[in-house]
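Encoded as structure tokens, the structure appears first; notes follow it.
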2 protein chains.
Amino acid sequence: MENRLKELRELAVSHRLKRLSENLINDMKRLYKELKIDYEPRWFAISHFLIENKSASINELSKATGYTHPAVIQIVEQMIKNKLIETSKSINDKRKRKLVLSLKGTEIFNSIHPIISDIEESIKEINKEAGYDILNIIESFENTLKEKSLYERTILKVKKRQFDAVEVFRYSPSYKEYFINLNSEWLQKYFEVEKVDLKILSNPETEIIDKGGEIFFARYENEIVGTCAAIKLDNENFELAKLGVTEKAQGKQIGRKLVLAVIGFAYARGAKAVVLETAKNLIKAINLYESLGFKYIPDFHKSTYKRPTFWMKLDLR
Amino acid sequence: MENRLKELRELAVSHRLKRLSENLINDMKRLYKELKIDYEPRWFAISHFLIENKSASINELSKATGYTHPAVIQIVEQMIKNKLIETSKSINDKRKRKLVLSLKGTEIFNSIHPIISDIEESIKEINKEAGYDILNIIESFENTLKEKSLYERTILKVKKRQFDAVEVFRYSPSYKEYFINLNSEWLQKYFEVEKVDLKILSNPETEIIDKGGEIFFARYENEIVGTCAAIKLDNENFELAKLGVTEKAQGKQIGRKLVLAVIGFAYARGAKAVVLETAKNLIKAINLYESLGFKYIPDFHKSTYKRPTFWMKLDLR
DNA sequence: ATAATTTACGTAAATACTTACATAATATAT
DNA sequence: ATATATTATGTAAGTATTTACGTAAATTAT
């Protein structure tokens, strides 16, 4: 409990940042209202850019301010209604609008200048009292997140954790059923179980193990959820085949760990390459193979199956 | 221009804080989605509180999380729809609802625990790279603003600036018309110009100046916008009277500066007190008088006017 | 030169809240 | 004991933005 409470603190960062920002924006609004200035804080960034650059298009404003373009359209619309902005079609590019501040817009912007200065001063004062320069800090966090977002950082950790939670172990006769079932699942979903499949799946010992290959299984949260075979083709080549991960356990690094087991097995036996035969519609599998360095090889072998397949290869030397 | 650009930087603080927070919240959402967890980040604070405290009412949750109570109602509604929360009427207080996490709610909350930890770790990592502890910083700013908000800080500066921009000067015959007009404005708006008023307004020299009093005027942006008289009652008492500030210039510290001029005048002449006669519906004026230390005195004098009035007094010793 | 892609803008709807207001139940003051 | 104030909740509507999607014009590729 104690532990969790502490965690909430860190997790609440985003929420509290938002509140802090809303606080400041509301105070600005209240100031304008109190001083009877007909001006919304959200107009500021756009007014400012138009003062500096004379005219701009919706898109330019969006990029300059960081608002999405529909947001800019809506803010600009408001400003047009308040006669602060005038709009016309661009001449050289008929898609674009040319937006300029009206005389009234310029006047109001200049008239709020003293208040802006006061707000500025207040923020500096707040910085001093708080003991931090908030702007520097924001910039620093923006840069840190630009390098690697919270999402990217966290997903790496999650994958690592999942990867570590998968236990891979070798074939023994008692797991024979799993080999059939886990492979039937995806074969039935995407294609059909062909005779060639059935021959291997039903006789893993004679077809794979006895010929110098191996079959791996993956256990995740006490359930056997995946399998993959290494078939010895010759002294220099192994085939990775019959990779199957049950649907509800997908996306948990199980396939990756199984493929790595096969590669490791082949490598330990002095193989030069691992090849595999797969099909275009097995997108997740192909992505996995590619991420581990497998490359498409045209005309390597004719297809073993009725289903249309192609071959990939990973060089081990 | 340069100058203004620099200012925008400070002013954009709130906007950028908001974006930073949205960034983080969106990343969290994306994480839950990617990991196929049926959970919204906004549920977290409430789930957490209910895990810690077993049950709570809408109001308690609002206070604990910082959301407004309608926000809590809406989030809770969502969670009820997702069967994460169960609700019942409170027994001892029929206004209250008793909200508890359902079994499913508890399970889901516990199941996201590892991801929460990963997010936590990521935030710590971000802190380290950015070189700041964001949570400390937020807290520091929250405290600074709690002591004195951006609004309060800024409004003080604005008032000071306005106050300094008002120029107060003394009566001379050429300003006679202003004395009549500025006072007629408010008299006509709130009451009517009575004979007693007219006598003083038309003869400021004989009625006020020659008897040892004074009339002050205020100039703001090159216009005469306010006036106020100090009438000598006897050697120990002055009456503050005929305070008028034209409507469009109100709220700019003009009245305050005029009243201070009258007080200063009386003080310089060795007066013991300044009194004034005002009316209940002149709310802004009364607020001003009170803020400067004037106190209500019952039965001081009978009313000089047809309109219902009362007296206030400021002791100078 | 034509097809395909990208860019610029627009619109509708969704999101995550807030404000403002209403009402019933409870607590407090006279 | 009764009026008054406060509290807890609810509801409707507003706000400031985003996402998602569509279309026309311009650019690039073939």
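Order of the sequence lines fixes the chain letters, A, B, ..., with proteins taken first and strands second; residue numbering starts at 1 for each chain. All heavy atoms count here, side chains included; hydrogens, waters and symmetry mates do not. What you see is a predicted model; the values in this text were computed from it and never measured.
When the P atom of dC17(C) is taken as reference, atom CD1 of Ile46(B) falls 10 Å away, rounded to whole Å. Across the protein-nucleic acid pair, His69(B) atom NE2 and dT11(D) atom P stand 10 Å apart, rounded to whole Å. For Arg19(A) and dT18(C), the CZ to P distance is 9 Å, given to the nearest whole Å. Remark: P of dG14(D) and CD of Gln78(A) are 14 Å apart, rounded to the nearest angstrom. For Glu40(A) and dG14(D), the CD to P distance is 15 Å, given to the nearest whole Å. Atom-to-atom, NZ of Lys89(A) to P of dA8(C) comes out at 15 Å; the value is rounded to the nearest Å. For the pair Asn59(A) CG and dA26(D) P, the computed distance is 15 Å after rounding to whole Å. The interatomic distance linking Lys94(B) (NZ) with dT6(D) (P) rounds to 24 Å, in whole Å.
Across all strands shown, Asn26(A) has no heavy atoms under 4.0 Å from either base or sugar-phosphate atoms. Within 4.0 Å of Lys29(A), counting heavy atoms only, lie sugar-phosphate atoms of the nucleic acid but no base atom. Within the nucleic acid shown, Ile73(B) comes within 4.0 Å of at least one base atom, counting heavy atoms only. Across all strands shown, Glu60(B) has no heavy atoms under 4.0 Å from either base or sugar-phosphate atoms. Counting non-hydrogen atoms under 4.0 angstrom, Glu22(B) reaches nothing in the nucleic acid.
The side chain of Ile58(B) sits closest to dG10(D) out of dA8(C), dT18(D), dG10(D).
The side chain of Arg97(A) contributes no N or O atom lying less than 4.0 Å from OP1 or OP2 of dA8(C). Contact check, Lys18(A) against dC17(C): a side-chain N or O comes under 4.0 Å of OP1 or OP2. Contact annotation: Ser57(B) reaches the phosphate of dT9(D) (side-chain N/O to OP1 or OP2, under 4.0 Å). For dA26(D), neither phosphate oxygen OP1 nor OP2 lies less than 4.0 angstrom from any side-chain nitrogen or oxygen of Arg95(A).
At most 12 non-hydrogen atoms from other residues, nucleotides or ligands lie less than 6.0 angstrom from NZ of Lys33(B). Dense packing is recorded around CD of Glu152(B), with more than 12 heavy atoms of other residues, nucleotides or ligands lying under 6.0 Å away.
Across the interface with DNA chain D, nearest-nucleotide mapping of Gly66(A) and Lys63(B) shows Lys63(B) to be the residue nearer the 5′ end.
Counting atom types as modelled, Gln74(A) pairs no side-chain N or O with a base atom of dT15(D) as donor and acceptor under 3.5 Å.
For the pair Arg16(B) and Glu139(A), the salt-bridge criterion is met [side-chain N within less than 4.0 Å of a carboxylate O].
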For this session: Starting from the C-alpha separation in whole Å, work towards a yes-or-no answer on salt bridge (charged side-chain N to carboxylate O under 4.0 Å, His left out) for Lys98(B) and Glu60(B).
Result: CA-CA 10 Å; Lys98(B) 190 184 169 190; Glu60(B) 280 158 15; over 6 Å; no
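Separation of the His15(A) and Phe44(B) ring centroids does not fall under the 6.0 Å cut-off.
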